[in-house]
Each structure stands twice: as structure tokens, then as C-alpha cells.
Protein chains: 2
Amino acid sequence: MQDMVAPNMNDCVDCPIRHRAVCARCDADELELLEDIKYYRSFTAGQTIMWSGDRMDFVASVVSGVAALTQTMEDGRTQMVGLLLPSDFVGRPGRETATYTVTATSDLVMCCFRRKPFEQMINSTPHIAHRLLEMTLDELDAAREWMLVLGRKTAREKIASLLAIIARRDAVLAKNTDINSLAFDLPLTREAMSDYLGLTLETVSRQISALKKDGVIVLEGKRRINVPDMDRLMDEAGDDSDGGFLS
Amino acid sequence: MQDMVAPNMNDCVDCPIRHRAVCARCDADELELLEDIKYYRSFTAGQTIMWSGDRMDFVASVVSGVAALTQTMEDGRTQMVGLLLPSDFVGRPGRETATYTVTATSDLVMCCFRRKPFEQMINSTPHIAHRLLEMTLDELDAAREWMLVLGRKTAREKIASLLAIIARRDAVLAKNTDINSLAFDLPLTREAMSDYLGLTLETVSRQISALKKDGVIVLEGKRRINVPDMDRLMDEAGDDSDGGFLS
DNA sequence: TGTCATCCTTGACATGGATCAAAGGCGGGG
DNA sequence: CCCCGCCTTTGATCCATGTCAAGGATGACA
């Protein structure tokens with residue numbers, strides 16, 4: 001069963017607790033503990049993994065692909081509140097129901113851990129709990145960084161900020177050291193981008209066109225983006241810091 | 001020294017680990033541990049407690065008053081990313097420098113714990129670490145709730161959301177069970193509100209006037225607010241949920 | 001190869017909130 | 001008691017982004 005999806009699994013195949021999700025430091029005993037309670041699930045782009053309010057029997061880590069956490073108001077306005085990239089964690093130990101709707105924005109593989117035994121493991125192995133705290137604090141910083149984007153940045157700056165986040169994360173995962181001049185695939189539709197940025201999809205489209213016209217990015221098709229000058233992009237994002245959404 | 005500020009201190013006087021900040025379950029040993037490393041600091045409205053990037057030798061819990069976490073862009077645009085009300089915690093174990101600027105928006109008393117020994121204590125007492133994780137997850141939920149406010153709500157809804165948060169928190173602290181019809185003091189200037197909401201202070205003022213004209217709130221002076229019908233206010237906030245910024 | 005669905009782009013126009021400007025409270029200090 | 005500084009309110013105008021509408025690309029599938 002694990003072998004079926006193994007090719008996409010990064011380090012999860014060899015050692016699940018190498019997941020940023022679970023523990024930074026490997027240990028054979030923990031590996032065994034996790035082996036018993038883990039399983040893999042695949043989703044196709046657009047599939048909803050769970051709805052806000054659903055009962056949640058597992059916590060999970062993204063192995064490959066991209067998922068989104070979203071909130072929706074009664075009248076349909078929706079806001080994405082988190083973007084889950086490979087190695088990101090989802091689920092809250094101690095909480096039985098999902099707070100947010102989770103959707104696969106691209107084809108996706110998750111490594112799930114049954115919640116109850118996972119919680120027990122946390123309680124018995126302090127350094128895993130500690131690692132989880134660290135990750136949660138990173139996520140909190142990321143969410144706060146994003147509050148600045150949502151509250152104070154212009155549409156153009158918002159787009160540039162999002163592209164910078166994805167570009168950097170992509171570079172890290174690809175072990176790409178040449179951070180100047182890189183290309184990547186956008187794992188989001190224009191609509192998903194607009195939900196993330198608090199914009200309409202038309203505005204997203206227009207601003208991407210504008211950035212292209214101004215030479216900040218080069219489009220290859222609609223989804224593949226080439227950034228000739230990363231510093232320039234960061235500048236457009238208005239970031240003095242290192243850009244933030246990632247820890 | 002503690003006696004000087006004791007009258008405002010709520011449960012902190014008798015047992016510092018009763019702080020939501022530190023631990024939900026009292027224990028004499030931990031009380032003693034904390035006794036050694038804690039001290040109190042007072043600030044006046046408008047005072048900056050620390051600047052983003054400052055070295056931080058303590059973590060702390062708000063005893064009374066209100067503080068704000070803010071981020072500022074090079075050109076001066078600022079966004080508040082967290083509102084610290086009594087019992088809220090500030091500081092990140094394991095991080096030496098402050099990520100955000102912390103400002104007292106009203107007169108304020110904090111209970112500080114020296115960082116190094118506090119970290120040791122976390123490592124040696126798992127259930128305090130566990131409590132800290134819980135609190136961080138609550139804060140993360142609050143930040144995400146706020147992303148919806150910043151990204152998708154109108155100015156009027158934003159104001160109503162903020163008032164609802166403060167009203168509810170106030171009611172809880174005052175042990176006020178009559179949630180319908182309550183009054184409270186705004187611990188924020190119009191400018192601070194605008195920084196929180198991603199608006200200008202003029203818009204904040206106009207929307208407050210509008211809510212007043214429409215009978216949603218009654219102003220007594222500029223800072224005291226009376227909410228005749230809490231449900232109505234929640235409705236204006238567009239919240240289907242219970243309003244969120246608080247855990 | 002054609003058709004259809006989905007995603008994306010672009011245009012025209014409307015509008016919510018920002019910006020610029022002026023003046024009204026209110027509290028503290030001389 | 002008056003003056004001054006800060007906070008707040010209100011008005012006039014502008015502009016970034018939303019809204020509504022049409023049409024263009026791309027890929028899946030018959």
C-alpha cells in the first residue's frame with residue numbers, strides 16, 4: 001500500500017518522523033510507533049479533503065502537492081487562511097472537529113496519522129511535543145505576516161508576495177541554490193489566488209498581466225512562471241523582511 | 001514590589017501559574033519555580049514595550065490593560081497582528097529577538113518571566129509545554145479568523161467584528177453573564193483600530209458614527225460603548241461563528 | 001477533428017474606502 | 001481660566017479595486 005505512492009513521498013518513505021510535521025530528530029523507536037498509525041491518502045486537484053465541522057480522526061502531513069485551508073461566510077465570500085505545501089502539517093491534537101475546510105488545489109498525497117494514538121505519542125515523547133510547538137509558532141508567524149499582506153498591501157504587492165512565497169518554497173524543496181532566476185509551476189488557479197489574497201480573480205489576472213508587461217515575471221503558458229530577478233520580485237512585494245510565509 | 005501593583009493583578013497575585021499564559025493546573029512546586037523568575041512591569045498608554053528586532057530576555061503575560069503587536073513596512077504602513085488582552089501571553093520560547101513591535105495601547109501591567117529559566121521549566125514540565133501548545137493553537141485560530149476579517153469583510157463589518165471581540169472578552173473577564181446589553185470602554189484609539197482593521201482612521205470614525213446612527217451601538221463619550229443588542233452587533237459583523245478572535 | 005468545460009484575459013463602468021482638508025471636543029499645564 | 005496638543009468628526013474629491021460582461025485559450029473526450 002505504501003509502495004503504491006512511494007515515488008512521490010520524499011523522506012516520508014524512509015522515515016516518517018523526518019517529516020517537519022512530526023519530529024526533526026529521528027529515532028528508531030518513534031519510527032516504529034509511527035509506522036503502526038500512519039497511512040497514505042491521495043487526492044486529485046479540486047477535491048475537498050474535509051469540510052469545516054467534519055469529525056477528524058487523523059492529523060496529517062503533506063507529502064506532495066498543495067492543499068488550502070479556507071473559511072467561508074454565509075454569503076459565499078471565502079478566504080484562504082493557510083496554504084499547505086509539502087512537509088506542512090494539518091490537524092490539531094486535542095480537537096475532534098475540523099475548524100477549516102481543506103481542499104486539494106493540485107493533485108495531492110498526504111501522510112495521515114490516526115489521531116488518538118498520535119496524541120498519546122505526543123504525551124509520552126516530549127521532544128515531539130516540543131517540535132510541534134515550534135511548528136505551530138512558525139505557522140502563527142506566517143499567519144501574522146499574511147495579515148500585513150491582507151490589511152495593508154496593494155493588489156500588485158499582494159501578487160508579488162504570493163509569487164515570492166511559492167518561488168522560495170519551491171527553490172528550497174528543489175535544493176536550488178541559485179535563487180536568482182528560477183522558474184516554477186503555479187499550484188493555484190487564479191481563483192484560489194484571489195481567495196488567498198482577498199482580491200477578485202479579475203484583479204489577480206490583471207496584476208499578473210501587469211507584472212509580466214513590466215518584465216518582473218515571464219509567463220510560459222498560464223501556469224509556469226519564470227522570475228528573472230528574485231530581488232526585483234521581492235521589491236515589488238514591498239518586503240523588507242525575507243518574505244515570511246515560510247518559517 | 002509585587003504589592004505595588006497587586007490590586008490590578010487578578011489571579012496572578014496568588015498564583016502566577018494560574019495565568020492562562022503558563023499553566024491551567026496549579027501545582028505548588030511550579031509555583032515556587034515561577035516565583036523565582038517572575039517580576040512585574042508597568043507601562044503607560046502609548047509606550048512601546050519593545051521594538052521588532054530587540055533582544056528579548058523575557059516572556060510575559062498581560063495582567064491588566066491592553067497591548068498590541070504590530071508590523072510596519074518601510075514606508076510606514078502598519079498592521080496590528082495581535083491584540084493582547086489580560087491573560088494573553090507574549091514571547092516565543094526559543095527565540096531571542098522580538099518579531100513584532102509591542103506597544104501599550106492603554107495603561108498596562110505585565111507579569112514577566114526571565115526567558116532562559118522559563119525555557120528550562122518548559123522542558124522539564126511537559127504539561128506546561130502542553131498548555132503552551134494549546135494556547136499557541138488558539139492564537140493561530142484567532143489569527144486565521146482575523147485573516148477572514150481583513151481579506152473579505154467591509155469596513156462596517158470590520159468595525160462590528162472588533163467591537164464584538166472586545167465586548168465578549170470584556171464580558172468574560174467581568175464574569176458578566178448577561179451577554180445581551182453590555183457596555184465597555186474602548187481600549188484603543190481610532191488610529192489603533194484602523195491599524196488593526198486595515199482601514200484609515202477616518203473610515204473607522206465614519207463607520208462608528210454610522211453604527212451609532214443606526215442604533216447598533218450607543219456612545220457615551222468617545223470611548224465608552226453600549227451595546228443594546230449583542231445579536232444585532234454579531235449580525236453586523238457577518239459572523240456565523242461565535243466571532244473568533246478569542247479562543 | 002470538433003465540441004465542451006474550465007480557466008483565463010480584457011474591457012467598461014460603478015463604488016467603497018483612501019486622501020486631503022478643515023474644524024470641533026476635551027484634558028492637562030501654565 | 002485660557003491655551004495648546006491630541007484625538008475625533010465630517011466634508012469633498014479621487015482612485016484602486018470590484019462588478020458585470022464578453023470573448024479567447026487550453027485540454028479532455030467523443
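Reminder, nothing fancy here: chain letters follow the sequence lines and each chain counts from 1. Everything numeric in this text was worked out from a predicted model, so none of it was measured.
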Is any side-chain heavy atom of A/S42 less than 4.5 Å from a side-chain heavy atom of A/V109? yes

Integer-rounded Å distance: [N] [atom2] and [X] [atom1]:
X      : N      : atom1 : atom2 : answer
A/R190 : D/dT26 : CZ    : C1'   : 13 Å
B/K212 : D/dT9  : NZ    : P     : 7 Å
A/L201 : C/dT6  : CG    : P     : 15 Å
A/I225 : C/dC8  : CD1   : C1'   : 13 Å
A/D195 : C/dC8  : CG    : C1'   : 16 Å
B/L186 : D/dT8  : CG    : P     : 9 Å
B/L219 : D/dC7  : CG    : P     : 18 Å
A/E220 : D/dT26 : CD    : C1'   : 17 Å

Would you give the length of the straight line joining atom CG of A/N226 to atom CD1 of A/I217, rounded to the nearest 0.5 angstrom? 9.5 Å

I'd like to know if the side chain of A/T105 reaches the main chain of A/P187, judged simply by a donor and an acceptor atom lying under 3.5 Å from each other, with no hydrogens or angles considered.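 Here the side-chain-to-backbone pair exists.
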
For A/I225, is there any backbone N or O sitting under 3.5 Å from a side-chain donor or acceptor partner on A/E220? no

Using a cut-off of under 3.5 Å, enumerate the N/O to N/O pairs linking the protein to nucleotides 13-20 of chain D.
from, atom 1, to, atom 2, distance (Å)
D/dT17, OP1, A/A155, N, 2.9
D/dG18, OP2, A/T200, N, 3.3
D/dG18, OP2, A/T200, OG1, 3.2
D/dG18, OP2, A/T203, OG1, 2.5
D/dT19, O4, A/R206, NH2, 2.8
D/dC20, N4, A/E202, OE2, 3.1

So which one's nearest nucleotide on DNA chain D is more toward 5', A/K222 or B/S209?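 The residue closer to the strand's 5' end, by nearest nucleotide, is B/S209.
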
Is it true that B/E202 and B/R206 have a side-chain N and a carboxylate O under 4.0 angstrom from each other? no

Looking only at side-chain N and O atoms, does B/R223 come under 4.0 Å of OP1 or OP2 in D/dT8? yes

Listed partners of A/R77 passing side chain to side chain donor-acceptor pair (under 3.5 Å), at least two apart: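 Expected list: A/D75, B/E157.
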
